Structures are given as structure tokens and as C-alpha cells.
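Just so you know, these numbers come straight off a predicted model, no measurement behind them. A, B, ... follow the sequence lines: proteins, then strands. Residue 1 opens every chain.
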There are 2 protein chains.
Amino acid sequence: MIRRLSQARERGIPEATVARLPLYLRALNGMAERGLATVSSEDLAVAAGVNSAKLRKDLSHLGSYGTRGVGYDVEYLVYQISRELGLTQDWAVAIVGVGNLGRALANYGGFVSRGFRVAALLDADPEVVGDHIAGLNVEHIDELEAVIRRRGVSIVVLATPAAAAQQVAERVIAVGVTSILNFAPVVLAVPEGVDIRKVDLSIELQILAFHEQRKTDRMTGGPAMAEEWPEAVDL
Amino acid sequence: MIRRLSQARERGIPEATVARLPLYLRALNGMAERGLATVSSEDLAVAAGVNSAKLRKDLSHLGSYGTRGVGYDVEYLVYQISRELGLTQDWAVAIVGVGNLGRALANYGGFVSRGFRVAALLDADPEVVGDHIAGLNVEHIDELEAVIRRRGVSIVVLATPAAAAQQVAERVIAVGVTSILNFAPVVLAVPEGVDIRKVDLSIELQILAFHEQRKTDRMTGGPAMAEEWPEAVDL
DNA sequence: GTCCCTTTGTGAACCGATGCACAAAGTGAG
DNA sequence: CTCACTTTGTGCATCGGTTCACAAAGGGAC
Ligand SMILES: NC(=O)c1ccc[n+]([C@@H]2O[C@H](COP(=O)([O-])OP(=O)(O)OC[C@H]3O[C@@H](n4cnc5c(N)ncnc54)[C@H](O)[C@@H]3O)[C@@H](O)[C@H]2O)c1
Ligand SMILES: NC(=O)c1ccc[n+]([C@@H]2O[C@H](COP(=O)([O-])OP(=O)(O)OC[C@H]3O[C@@H](n4cnc5c(N)ncnc54)[C@H](O)[C@@H]3O)[C@@H](O)[C@H]2O)c1
């Protein structure tokens, strides 16, 4: 039983690797545009901002697509990563909540660039419903289930206020959607098998603030040991 | 030498913990609003969508703020986490690039909610400069250095096109900014000591697509072993 | 063909993060 | 005061991910 070759590709690519593949893909596309035919793991790693050993291990999970002494064929690797990520097919995306953020997303070009097609915009506000944005008609949230089914939507982007997000999520899950990108600042409770990814601006800023504080603390000599425990800070 | 108490807080909170503190904080704020006085690690963990052992270990890195047999005092914990994250001070944020996304961010309320204040909007387009958005005047990118200094900006949000991001980053770093939140789809090259966090819609969608593909593959019986290696897919 | 040079693919050590499971600490009833 | 009960804080095993470092593979010169 020779499983050597497919062994790596067999059963699951590490999550950390999956998260980096889009990065490699972007770097490779840039190189393809500049006419590069092959690239070494070292060069690609630099372009993607990772260490070359990590890059090679990541790629090895897809298969053995490099040539020792030469590197990787740019076009071929683009194709393999695209296929692995599922970008060779077309994904219909619905954006629910067409406010400030939803509008920006709908108008975003980089969306379509790679296999993703905004297939529907939905909102609850009668003022917004009927608007034409980025060539699409904003439909009423009551139509949610029908629209998802009719357009074959498989990925939903949630850009509603936090209060509405859970409820909308439940509805789209009920129609069979299992991939959600959530911009609302809430923890969504979803059944097993549904993938949620969240983008949370506020959390990112708080993480930056934490490190920023550490940096400036260090400058000013850090908090004096005595002060650090102000002893019963009453609230 | 009694270091027991401060020992945990000594030297660095794990990065993974820092990333979850904002989540706990949000859950705690909700509880405080609903009038809860204390909360057990179990309840808080559920609200934040994590496992309770992890929550307790995370909190133990800040200090020993719970009461065995009772739980955590909600108000006190809010205070401690806020302090740790640096949210007790006010952070001036500048948004560079006031297009679709920059506008949405500028108008975003949840921004201000926690210590973050949008102190400046900057753009290169003469059409946009001078616009009034969310009570702020959009200033010209030429003023970047002056504005950052004058307003005491310590966190910069990059919402320019990808092509401009690196150049803008270099300029703000040169004036002393060391915390950047980047929305442009590029890997920024920055010197040691500068913290970059990136938000990349396209990457999130690609990760979702990967898992979605796996799920549907499974449904349809998965790719047949024979097909899996189409043997020399020529490009 | 042989030899040298480059670069891949991966075994193995390491490191940080997770989650179990329990002793220690505290509450409250009687 | 004692006892039963609750819940924290953490030691420890485990796991996934990172990095090093090198043998194996391939290319090209001659
Ligand atoms: N604007 C930003 O930069 C930003 C940044 C980070 C996070 N967010 C989050 O993204 C979400 C949207 O932000 P925004 O600034 O666009 O808010 P917004 O108020 O401008 O837009 C929300 C839209 O959702 C619609 N809506 C409300 N309930 C709905 C429902 N049940 N079904 C469908 N649509 C519904 C509203 O009619 C409105 O058009 C919020 O949760 C916000 O916290 C926004
Ligand atoms: N719109 C989205 O939903 C979205 C989503 C994900 C990522 N992004 C990324 O965010 C960035 C902004 O997206 P957008 O849709 O707002 O684009 P946009 O073109 O609407 O806005 C970009 C703005 O940046 C300004 N700008 C250009 N060069 C500049 C410079 N050197 N200095 C200062 N300002 C400059 C432009 O004048 C314009 O106003 C892009 O990199 C995009 O890829 C956008």
C-alpha cells in the first residue's frame, strides 16, 4: 500500500496552514503578473511575510509541488492553492444589513476578484429596501430564505446591528447555510457543523491598545511596584 | 520574598489571552447592564463562547480576582480588564483613506464606545479633502505628520488602496506611531517594535470557502481516489 | 556519465496553548 | 464551630504549531 504521495493531502490540512494559503496565493498572483515563472520558498516566504521553513511545510500539506534545486512553478502553484481553497468554483455571497458597513462591502471590488460574487443584499429598513447598490437591488429581509435558495447562496456576510445578528444567523442556518462571516460584535451561538468567522474592529483596537500601553509603560520606567496594587480600588 | 500574588501578573500575559480579554469585557458589560453583581467562570465562559477552564486560566494571568465559592465581582472585573487592556486611558486614532471603508469606520459608533476617539481623517484625493464626516474635517495627506503630532495620535487605521499602504505606513512610523490596524490587502514590512494587525475580508472568505468545499465534498462522497490526482494537470 | 550547487521536503526538538481534574479556599446553614 | 457545598486557581498531560537542520532530489556544467 503506497500512501506516501497522497498521505500528506489525506485528511485535513492544519487550520493554521489554511489561514496562510490565501496569503501565499496573493503573493503568487503578484509574481505571476510580474512574469516570474518559478519562485523559491525563500522568496515566496519573504513576499508573504513568513519564515521559509513554515512555507515549505505548509505547501507540503497540499502535495509535493516543488522541484528541488529550482523552486515552485508560479502558475502551477497558483492553480493548486486555488483548487485547494475552493476558488476554482464560484461562490454566491449574500450581505445582510446594508448600512454603513454593508454598503462598503457591497462596493468592494476585491470581493469579486476571487471566485466570490455578491448575489444578494438584504435589509430590514423599508428606506433601504429597493435601493440600487453596486448594481444590485436591496431586498427585504422577509425574502431572506427565498433569496438564499433561489440564488444558491452558500456564504452569508452579517453586517446588521449586534441585536439582530443572532436571529438572522438562525434563519440562514435553517435554510442550510453553514458558512457565516460576522461583523456584528456578538458571540453567535450556532450548531455543530456551522463555520463562523468574525471580524471585530473593536477587538483589534483593544489588542493594539494593550501593546501600546505596554510599550509606553516601559518607556516611563513601568509602573512602580508599589503602585501596581493600589490596595482595594473601590468601585 | 513573597511573589505569590504578583507572580502571575509579572512579565507578560499570553497573546492568546490578550486576544480574548475584549471578549470577556464585552460579555461583562452586558451583565453589568443587566444588573448582575457577580458571575461564575462557568456563566461568563458561556457568554463569551469559551471553555470555563480557559477563562479561569486567562483571568488568573491578571491576578486573583475571584472569590471561591462565589465567582467574580462583575464591576471589579470590568475595571481590572479595562485597566489591563489600557482602556482607562483615551486613545486618539487617525483613519487614513476615507473611501467606502474609511467612511464606514468613521461613522461607526462602537469605535468611540471604548476609549477610542477618532481624532483625524486623512485622504489624498482633493475631492474628498474638506468633506465633513462624522463631525470631522477630512485633511490632506500632506498634513499627515503634523496632524499626528498635533493630535497625539497613537493608533493609525489604514484604509487606503493596497498600493498606498506601505508608503503611508512608513510615514506614520517615522513620526513615532507603533500601532497600526491595516485593512489593505498587503503584507506591510515594518521595523521591529511596530505592531501591525490586519483585517482582511478576502482571506476570511477564502477560509470559509475552503471549509465549505470540504463539507460539500463530503456530502457527495468526496473526490474519488482516482480523480484526486488528475496526473499532470497542465497549465 | 560524474560532480557540484541549489533548494525541497520532513524528522525531531521545542514552545505556547488547551483542557482535565482536583486541592484549596471560601460561603452559608445549623 | 462544624459540615456540606460551591467555585476558584493551577499542576499536569496533551496537542497543534513553529523552527531548526539536514538528507534526498534535481539541475547544469563539463
Ligand atoms: N461601520 C463599521 O465600520 C463597523 C465596524 C465594525 C463593526 N461594525 C458592526 O457591523 C454592523 C453594521 O454596522 P453599520 O455601521 O453598517 O451599522 P448600520 O446601522 O449603518 O447598518 C445596519 C443595517 O442593518 C439593517 N438591519 C437592522 N436589523 C436588521 C435585520 N433584522 N435584518 C436585516 N437588516 C437589518 C439596518 O436597517 C441597517 O441598514 C454592526 O453590528 C456594527 O457593530 C461596523
Ligand atoms: N470596502 C471594503 O469593504 C473593503 C473590504 C476589505 C478591504 N478593503 C480594503 O480597504 C482599502 C480601502 O477600501 P475602499 O473600498 O474604501 O477603497 P476606496 O477606493 O473607496 O477608498 C480609498 C481611499 O483612499 C484614498 N487614498 C488613496 N491613496 C491615498 C494615499 N496615498 N494617502 C491617503 N489616502 C489615499 C483615496 O482617495 C480613497 O478615498 C482597500 O485597500 C481595500 O482593498 C476594503
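- You'll find a donor-acceptor pair under 3.5 Å spanning the side chain of A/R68 and the base of C/dT8, going by distance alone.
- In this structure, the ring of B/Y65 has its center no less than 6.0 angstrom from the ring center of B/Y72.
- If you measure from atom NZ of A/K54 to atom C1' of D/dG16, you get 13 Å, rounded to the nearest angstrom.
- Comparing B/G71 and A/E15, the nucleotide of DNA chain D nearest to each residue sits closer to the 5' end for B/G71.
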Let me check something: any side-chain donor-acceptor pairs from residues 152-167 of chain B under 3.5 Å, sequence neighbours excluded? List them with distances.
unit_1	atom_1	unit_2	atom_2	d
B/Q166	OE1	B/A189	N	3.0
B/Q166	NE2	B/E170	OE2	2.8
B/Q166	NE2	B/A189	O	3.0

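- At the phosphate of D/dG9, OP1 or OP2 sits under 4.0 Å from a side-chain N or O atom of B/Y72.
- The 5' end of DNA chain D is approached more closely, in terms of each residue's nearest nucleotide, by A/R56 than by the other of A/V70 and A/R56.
- At whole-Å resolution of the value, CG in B/L55 and P in D/dT7 are 14 Å apart.
- Residue-level contact check: B/A53 touches the bases, meaning some heavy atom is under 4.0 Å from a base atom.
- Within the 4.0 Å cut-off from OP1 or OP2 of D/dT8, at least one side-chain nitrogen or oxygen of B/S41 is found.
- Put simply, B/S40 has no side-chain N or O that comes within less than 4.0 Å of OP1 or OP2 on D/dT7.
- When distances are taken from the side chain of A/T67 to each of D/dG26, C/dC20, D/dG9, the shortest belongs to D/dG26.
- For B/H61 and D/dG11, the NE2 to C1' distance is 13 Å, given to the nearest whole Å.
- Atom pair B/D58:CG and D/dG9:P shows a separation of 12 Å (rounding to whole Å applied).
- The interatomic distance linking B/I13 (CD1) with C/dG16 (P) rounds to 16 Å, in whole Å.
- One finds no side-chain N or O of B/K57 lying less than 4.0 angstrom from the OP1 or OP2 phosphate oxygen of D/dT10.
- Between the CG atom of B/D73 and the C1' atom of D/dT8 there is a distance of 15 Å, rounded to whole Å.
- Using a 4.0 Å heavy-atom distance criterion, B/E42 is classed as making no nucleic acid contact.
- Side-chain atoms of B/R117 never come within 3.5 Å of backbone atoms of B/D90 as a donor-acceptor pair (strictly under, hydrogens ignored).
- In this structure, CG of B/D43 is placed 14 Å from P of D/dT6, rounded to the nearest angstrom.
- Under a 4.0 Å N-O distance rule, the pair B/E15/B/R20 does not qualify as a salt bridge.
- Between A/R20 and the phosphate of D/dT18, there is a side-chain N or O to OP1/OP2 separation shorter than 4.0 Å.
- With sequence neighbours excluded, the residues that form a side-chain hydrogen bond (donor to acceptor under 3.5 Å, both in side chains) with A/R171 are A/E145.
- In this entry the distance linking CG of A/L62 with C1' of C/dT8 reads 14 Å, nearest Å.
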